[in-house]
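Everything below concerns the one structure shown next.
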Amino acid sequence: MDPVPQTRPQTAPALRRAPVQQRSAERLARILDACAVLLDETGYERLSTRAVAVRAGVPIGSVYRFFGNKRAMVAALALRNLDRYAERVSERLAATPLLDAHGAIDGVLDEFIAMKRTVPGFALVDFGVPAALPGGASDSTPGGTPGNTSDEASGAEGDTAIGDGEDEGDGEGGSRGEVEDPNRLVAERICALLATHLGRPADEELRRKVLVGVETADALVRLAFRADPAGDPALVDETRLLLHAYLGPSLS
């Protein structure tokens with residue numbers, strides 16, 4: 001069975017400006033890669049755009065070309081995580097076309113667990129931005145208003161730093177493009193993949209059940225990783241049994 005196409009992102013990017021040149025796209029990828037690694041090293045509260053720029057080997061202005069603050073940057077990382085997760089699930093389902101409902105559920109859960117264990121930053125930021133602490137700083141960007149909508153509008157690569165206070169944009173205000181209900185978005189993607197693989201319609205009942213399954217699995221997997229940094233195997237098994245019992249009949 002052909003996978004549901006996942007070659008293009010299915011989510012709205014949390015970007016001030018979309019890259020239009022290959023070099024700019026590669027620079028954006030390096031910024032997000034650096035952000036993910038630093039999340040594991042420092043946590044979200046101590047993350048800064050300046051540190052990400054240094055780790056990525058780019059000028060601080062390049063970071064602000066794409067993101068107004070660190071929250072927007074982490075939101076973009078979360079959206080990239082979702083696209084990559086959907087790609088992994090799609091490829092797994094396509095590789096084993098005779099999977100039954102329980103096998104398909106296992107694929108969805110196993111890929112999530114694997115990313116929790118191996119993908120930088122995913123244990124802290126999977127598909128959503130961590131909740132802001134009370135009393136967070138202003139989320140305004142150095143230099144004020146957003147820029148144009150493409151790289152060409154500001155020259156070849158836009159490396160000039162914006163203002164002198166580069167880290168002023170690391171506060172906790174809202175961010176354009178941030179997903180407020182990431183689990184609902186995850187459920188929509190997973191529902192479409194499962195329905196396509198199993199040859200059944202993604203009707204309202206199935207969407208509702210997959211959403212409940214995603215919310216439940218999210219809470220239980222978080223519990224498993226609190227109990228054991230590698231994910232407590234017994235709690236993962238309990239999560240699997242619960243999903244089989246709840247979602248299996250609807251997918252069969």
Side-chain angles (χ1 to χ4, degrees), residues 1-13 36 77-128 179-252:
M1 177 179 294
D2 292 334
V4 174
Q6 296 293 339
T7 56
R8 296 180 62 188
Q10 303 296 309
T11 48
L77 176 64
L79 292 176
R80 187 179 75 167
N81 285 342
L82 177 54
D83 283 326
R84 291 184 173 180
Y85 173 61
E87 289 171 3
R88 291 173 64 133
V89 172
S90 178
E91 291 169 1
R92 174 146 177 177
L93 296 179
T96 317
L98 298 181
L99 281 177
D100 61 6
H102 285 185
I105 291 169
D106 288 344
V108 170
L109 179 61
D110 289 345
E111 292 301 327
F112 183 52
I113 297 295
M115 290 184 74
K116 281 281 190 183
R117 289 172 173 161
T118 64
V119 174
F122 195 84
L124 181 60
V125 174
D126 43 30
F127 309 123
V179 178
E180 294 184 1
D181 190 354
N183 277 350
R184 186 172 293 276
L185 188 56
V186 173
E188 291 173 359
R189 300 286 289 275
I190 294 305
C191 184
L193 288 167
L194 290 175
T196 299
H197 178 77
L198 297 170
R200 61 146 298 165
D203 54 27
E204 184 175 351
E205 179 184 1
L206 182 61
R207 291 197 298 270
R208 182 175 63 251
K209 285 188 173 294
V210 171
L211 176 60
V212 171
V214 166
E215 291 282 0
T216 303
D218 182 43
L220 292 176
V221 168
R222 290 179 188 277
L223 175 62
F225 278 82
R226 286 200 303 271
D228 182 339
D232 183 88
L235 289 173
V236 171
D237 286 344
E238 292 294 334
T239 304
R240 191 181 311 276
L241 290 174
L242 186 150
L243 292 175
H244 285 176
Y246 179 70
L247 286 178
S250 297
L251 294 171
S252 300

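Hydrogens, waters and symmetry mates are skipped; everything else that's a heavy atom, side chains included, is used. Throughout, numbering of the chain's residues begins at 1 and tracks the sequence. Remember, it's a predicted structure, so these values are computed and weren't measured experimentally.
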Find the distance between CZ (Arg84) and CG (Asn81) and round it off to the nearest 0.5 Å.
7.5 Å
Could you tell me the separation between the CG atom of Asp126 and the CZ atom of Phe225, rounded to the nearest 0.5 Å?
10.5 Å
Could you grab the distance from atom CG of Leu79 to atom CG of Leu185, nearest 0.5 Å is fine?
7.5 Å
Can you measure from CG (Leu193) to CZ (Arg92) and round to the nearest 0.5 angstrom?
13.0 Å
Okay, side chain of Asp100, backbone of Ser252: is any donor-acceptor separation there less than 3.5 Å?
no
A side-chain contact here means heavy atoms from C-beta on lying under 4.5 Å apart; do Asp83 and Arg80 qualify?
no
Would you name the heavy atoms of Arg189 and Ala86 that are closest together and state the gap between them?
NH2-CB, 3.3 Å
In this structure, CG of Leu241 is separated from NE2 of His102 (nearest 0.5 Å) by 9.5 Å
Scanning both residues in full, the closest heavy-atom pair of Ala101 with Gly248 reads CB-O, 4.0 Å
Do Leu211 and Val186 have side chains that approach each other closer than 4.5 Å (heavy atoms only, starting at C-beta)?
no
Are Asp106 and His244 close enough, and set up right, to give a side-chain contact (heavy atoms from CB on, under 4.5 Å), and what steps lead you there?
CA-CA 8 Å; Asp106 288 344; His244 285 176; 2.7 Å; yes
Heavy-atom distance under 4.5 Å between the side chains of Val221 and Val236, does that happen here?
no
Tell me, with the steps shown, if Leu251 and Leu206 meet side-chain contact (heavy atoms from CB on, under 4.5 Å).
CA-CA 8 Å; Leu251 294 171; Leu206 182 61; 3.6 Å; yes
Closest heavy-atom contact between Pro182 and Gly128?
CG-CA, 4.0 Å
Residue set satisfying side-chain hydrogen bond (donor to acceptor under 3.5 Å, both in side chains) with Arg184, at least two apart, ordered chain then number -> Asp181
Between Leu243 and Ala217 the two heavy atoms that sit nearest each other are CD1-CB, 4.1 Å
Side-chain heavy atoms of Leu235 within contact of Leu220, under 4.5 Å
no
Going by side-chain hydrogen bond (donor to acceptor under 3.5 Å, both in side chains), name the pairs with one or both residues in residues 204-217, residues two or more places apart or in two chains.
Asn183-Glu215
Is the backbone of Ser250 close enough, under 3.5 Å, to the side chain of Arg200 for a donor and an acceptor to pair up by distance?
yes
Mind checking whether Phe112 and Phe122 have parallel, tilted or perpendicular rings, split at 30° and 60°?
perpendicular
Flag, side chain of Arg117 to backbone of Ala230, donor-acceptor distance under 3.5 Å
yes
Side-chain heavy-atom pair Phe127, Leu77 within 4.5 angstrom cut-off:
no
Is any side-chain heavy atom of Asp110 closer than 4.5 Å to a side-chain heavy atom of Arg240?
yes
The reported gap from CG in Leu93 to CD in Glu91 (rounded to nearest 0.5 angstrom) is 10.5 Å
Heavy atoms of Pro97 and Ala94 approach each other most closely as CD-O, 3.7 Å
Applying side-chain hydrogen bond (donor to acceptor under 3.5 Å, both in side chains) as the test, list every pair that has at least one member in residues 228-238; sequence neighbours left out.
none
